[in-house]
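Structure first, then comments.
Numbering of ligands and ligand atoms starts at 1, following listing order.
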Amino acid sequence: MNVFFVNFMFLVYFGLCQSRRYDNFTLYSATPTEQYQLNFLQNLQSQKYIDVIFWKRPSKLFNDVHFIVNPIDSELFQERLNHFKLEVHTLIPNIQSAFDSQKIKKYTSLKTDSFTWDSYHSLEDIYQWISDVALKFPKTVELHSIGKSVEGRDIYAIFIKISNNKANVIIDAGIHGHEWISTAFVTFLIKKLIYAQDIGDDRLNELANKYNWFIIPIVNPDGFDYSIKVDRLWRKNRRKFDNGEGVDLNRNFDHNFGKYETSTNPKDDNYCGPAPFSEPESKALSEFITEKREHLKFYISFHAYGQKLIIPYGDRIKHVENFSEMDNFGKQAILRMYKLNGVKYSIGTTYDTLGVRVSGSSTSWVKNNYKPKYVITFLLRDNGTYGFALPNEQIMPTCQETLIGLVELMTAKPRRVRADLFNASYKITANVMLLITLCFLK
Ligand SMILES: *[C@@H]1O[C@H](CO)[C@@H](O)[C@H](O)[C@H]1NC(C)=O
Ligand SMILES: *[C@@H]1O[C@H](CO)[C@@H](O)[C@H](O)[C@H]1NC(C)=O
Ligand SMILES: *[C@@H]1O[C@H](CO)[C@@H](O)[C@H](O)[C@H]1NC(C)=O
Ligand SMILES: *[C@@H]1O[C@H](CO)[C@@H](O)[C@H](O)[C@H]1NC(C)=O
Ligand SMILES: [Zn+2]
């Protein structure tokens, strides 16, 4: 093969030929400021008389809501908006075209360095790449299957162990099929940890050496694959029921099961399943965590989207003991991320940041059962401009800022940070920038 042909092969992208299409579905945001507007949005969600899919559900007054609307219902929808005097902003007029530009790049087996973060990757290619990486670095990287999905796919954990250490870090991603950026980031993290010594980043290198890293890049392989091949917005696993399909794995953990922000209807996107750990994916992850629970120092879960750092417990309004230390480290991470790319994250419990409580999440279950010192969830980019249609060009900057934030969070020491910089609604001005700088000089 000549060089030209080889280069050409590296650049094969493929678009998606999904069977569920979202042609002319429009992405909107709205902020209910009156109770009747909030009620209207909540009814829309429960009664489904208009074909609306929520990307960010209605929670409370003044919290923004994101949703897509089927074009066949656009007249009725406009009429209802006028009736409730609800103002909406059109974010993306045709969501299908935004999905179509989320290209998938083909990876060539064994060319581990050709795997890049300028496009998304298929499940097969990600699995091929991690197995190639394990083959290439046999002394530091191990690949283990921790169980099988409903459709019989392996769920892999990658162990990265550069020197002999006791403290464990467990990372989960891809628990929701359509949150592709979460898996993109952890594959980036895997590469950076393996090459930490060569990169010349002392703090990253220190972290790579200090912990045993256990990374599960795709907890929900069936849902991830289905989101790539069939329905871009598929979130759950692929369990079949008589009256619907799929369980939301991040509602299926045995922590206050079935109580908040979840559904008992298999047709719903947040269906919790028939019983705690009814699903092989959540069960496999929980058993893996149980196996590694000793010396578990960090448990970190990656999701999208919303630009938030979320501290347990998901089902509580009150902050638990040790909240403040995680909060302090998280704020330092947020300042670093802001300084790098100007992205704004907010921090708090699920209730603080999203205005809802949730049950059955992996992080709350881990925190409650094994009390690791640091448990946190990253909701990665963006803030709603593209949502799940995050363009390829944003993958790399998202990975870079998230890595910097993660390193900061994991190496931070308690220090004073301005409390009010982190409210979701806070506008960053020149004065605030000055304050951020001052905070770092202290
Ligand atoms: C989407 O809308 C455009 C413009 O109104 C129209 O030409 C096109 O046929 C629509 N596409 C589908 C698949 O309905
Ligand atoms: C809070 O931190 C202390 C000291 O690190 C630890 O002993 C305690 O178990 C922690 N509590 C929780 C709920 O994590
Ligand atoms: C989201 O971020 C973009 C780009 O930084 C900004 O233009 C937009 O106003 C932000 N939207 C919200 C709701 O904060
Ligand atoms: C930020 O949030 C804190 C606690 O929720 C609150 O006390 C404070 O007034 C808020 N500040 C701004 C500027 O909204
Ligand atoms: Zn998620």
Side-chain angles (χ1 to χ4, degrees), residues 16-27 51 53-57 59 66 68-75 77-78 90 92-100 171-186 216-224 226-227 232-237 246-253 260-263 268-273 279 281-282 285 299-310 312 314 345 350 353-354 356-366 375-384 387-390 398 402:
L16 306 173
C17 314
Q18 294 166 322
S19 39
R20 166 109 202 234
R21 294 186 56 87
Y22 294 93
D23 294 293
N24 292 341
F25 277 63
T26 301
L27 175 64
D51 189 5
I53 300 169
F54 283 92
W55 285 14
K56 181 165 184 267
R57 293 162 179 273
S59 53
H66 307 153
I68 59 173
V69 179
N70 189 325
I72 61 169
D73 286 331
S74 67
E75 261 175 53
F77 178 64
Q78 284 303 332
T90 301
I92 302 180
N94 177 3
I95 204 69
Q96 185 64 48
S97 64
F99 287 158
D100 289 343
I171 289 179
D172 80 50
I175 206 168
H176 289 138
H178 58 336
E179 297 172 2
W180 296 357
I181 189 67
S182 71
T183 293
F185 170 69
V186 303
I216 300 101
I218 310 178
V219 176
N220 177 14
D222 299 348
F224 184 84
Y226 197 79
S227 167
R232 178 63 190 85
L233 290 175
W234 193 262
R235 168 181 166 96
K236 302 183 285 180
N237 75 353
V247 172
D248 183 341
L249 298 174
N250 212 35
R251 300 289 180 276
N252 191 244
F253 282 71
Y260 300 113
E261 193 62 8
T262 189
S263 159
D268 289 335
D269 243 3
N270 55 353
Y271 172 51
C272 58
E279 303 310 297
E281 297 90 352
S282 47
L285 179 57
Y299 189 93
I300 306 168
S301 181
F302 288 92
H303 288 255
Y305 62 90
Q307 293 173 197
K308 298 190 186 340
L309 296 185
I310 299 179
Y345 269 65
T350 309
T353 55
L354 296 167
V356 293
R357 297 195 250 179
V358 302
S359 329
S361 69
S362 67
T363 47
S364 291
W365 178 81
V366 174
V375 179
I376 199 156
T377 301
F378 279 68
L379 287 191
L380 302 179
R381 285 197 199 186
D382 59 12
N383 62 3
F388 299 113
L390 191 73
T398 304
T402 307

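Between the side chains of S301 and D172, a donor-acceptor pair is found at a separation under 3.5 Å.
Geometry at the Zn ion (ligand 5): OE2/E179 and ND1/H176 form an angle of 90°, nearest 10 degrees.
Within 4.0 Å of atom 4 (C) of ligand 1, not a single protein heavy atom is present.
Summary of contacts: the protein heavy atom closest to atom 10 (C) of ligand 1 is N24 ND2, 2.5 Å.
Screening D248, D269, D268 for a salt bridge (Lys or Arg N to Asp or Glu O under 4.0 Å) involving R235 leaves a single residue, D248.
Distances from the Zn ion (ligand 5) to the N/O/S atoms of H303 are shortest for ND1.
The cationic group of R232 lies under 6.0 Å from the six-membered ring centre of W180 and within 45° of the ring axis, placing it in a cation-pi geometry.
The OG atom of S364 sits 11.0 Å away from the OH atom of Y299 when rounded to the nearest 0.5 Å. Atoms OG and CG, on S227 and D222 in that order, are 12.5 Å from each other to the nearest 0.5 Å.
Ligand 1 places these atoms under 4.0 Å from at least one heavy atom of D23: 13 (C).
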